[in-house]
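These values consider heavy atoms only, across backbone and side chains, with no hydrogens, waters or symmetry-generated copies.
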Amino acid sequence: FKAAGVRPEYKQWCDSKGVRHEGRRYEVNRQKKEFLAATSARTLADAMKARGYQLFSGGTDNHLMLIDLENKSVSGLQAEKILGKAGIVINRNAIPFDKRAPRDPGGMRLGTPGITARGFRPENMQQVAEFIDTVISHPDDEPVHESVRKNVAEFCKQFPVPGIDD
């Protein structure tokens, strides 16, 4: 502590029972959030597989998943753009052995920490998968994208962004 410029009375305060308790509470909450994000990701992965999407490695062990879009006749770049118009943020991502150019890869990456932080639960992942599938199944249908955008906005009203008051 002395080398870090911390006075001894702060060390005693940091060693007190209350501070250690707060640290454990933070660690437990962090572990719960990570578990919830991973559980939501597995549920979303299963929902996407049920809709005919090919997940790289067959699923997910964490909060992320990589989806091969080759069988959907949509590139990762196109998926990123059309889903963005519908209010859904994904990342285009190259997949192993991808034949497409790096700027226009054949896959997309989905993650659940952002929506989990908003309060989405694993049971909401079926609806998320439905939104994504509807847009990707109709890549050139602007009215469908607009309809999904409105539905996504309405659905997300249940889950406000933490720290942002409208």
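- Closest approach of Asp104 to Ser75, counting heavy atoms only: OD1-OG, 2.7 Å.
- When all heavy atoms of Pro122 and Thr39 are compared, the closest pair comes out as CG-CG2, 3.8 Å.
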Taking it one step at a time, do Phe120 and Val128 satisfy side chain to side chain contact (heavy atoms under 4.5 Å, CB included)? CA-CA 10 Å; Phe120 283 60; Val128 172; 3.8 Å; yes
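- Atoms CE and CG, on Met65 and Asn93 in that order, are 12.5 Å from each other to the nearest 0.5 Å.
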What's the verdict on side chain to side chain donor-acceptor pair (under 3.5 Å) for Tyr53 and Asn71, showing C-alpha distance, side-chain angles and the deciding distance? CA-CA 8 Å; Tyr53 290 85; Asn71 68 334; over 6 Å; no
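- What you find for Thr112 and Ala37 is that their closest heavy atoms are OG1-O, 2.6 Å.
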If you look only at distance, which donor and acceptor atoms sit under 3.5 Å apart when one is on a side chain in residues 85-92 and the other is two or more places apart or in another chain?
| from | atom 1 | to | atom 2 | distance (Å) |
| --- | --- | --- | --- | --- |
| Lys85 | NZ | Glu142 | OE2 | 3.4 |
| Asn91 | OD1 | Arg109 | NH2 | 3.2 |
| Arg92 | NH1 | Glu80 | OE1 | 2.8 |

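- In this structure, CG in Leu64 is found 11.0 Å from CG in Leu44, a value given to the nearest 0.5 Å.
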Any chance you could lay out the side chain to side chain contact (heavy atoms under 4.5 Å, CB included) test for Leu77 and Arg103, step after step, and finish with the verdict? CA-CA 7 Å; Leu77 178 62; Arg103 290 182 186 237; over 6 Å; no
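- Residues Arg118 and Pro160 fail the side-chain proximity criterion, which asks for heavy atoms closer than 4.5 Å.
- Taking 4.5 Å as the limit, some side-chain heavy atom of Thr134 sits within range of a side-chain heavy atom of Val144.
- Judged by distance alone, the side chain of Asp68 and the main-chain N or O of Gln54 form no donor-acceptor pair under 3.5 Å.
- The other residues sharing a hydrophobic cluster with Phe56 are Leu66, Ile95, where clustering joins ILVMFWY side chains under 4.5 Å apart.
- By the 4.0 Å N-to-carboxylate-O rule, Glu130 lies close enough to Arg51 to be salt-bridged with it.
- The shortest side-chain heavy-atom distance between Ser40 and Arg121 does not fall under the 4.5 Å cut-off.
- Taking both residues in full, the closest heavy atoms of Gly107 and Leu69 are given as C-CD1, 4.1 Å, listed atom of the first, atom of the second, then distance.
- The CE atom of Met125 sits 5.5 Å away from atom OG1 of Thr116, with the distance rounded to the nearest 0.5 Å.
- A 4.5 Å side-chain heavy-atom check between Ile67 and Leu110 finds at least one atom pair inside the cut-off.
- With contacts defined as side-chain heavy-atom distances shorter than 4.5 Å, the pair Lys157/Glu154 qualifies.
- Using a 4.5 Å heavy-atom cutoff, the side chains of Met108 and Val74 are not in contact.
- Listed for the Ser147 side chain is no donor-acceptor partner under 3.5 Å among the backbone atoms of Pro143.
- In this structure the side chain of His145 reaches within 4.5 angstrom of the side chain of Ile82, judged on heavy atoms.
- The shortest heavy-atom contact between Phe155 and Phe159 is O-CD1, 3.6 Å.
- Of all non-hydrogen atoms in Met48 and Ala129, the two that sit nearest each other are SD-CB, 3.7 Å.
- Under the side-chain hydrogen bond (donor to acceptor under 3.5 Å, both in side chains) criterion, Asn151 pairs with no residue, sequence neighbours left out.
- One finds the CZ atom of Phe131 at 12.0 Å from the CG atom of Leu83 (value rounded to the nearest 0.5 Å).
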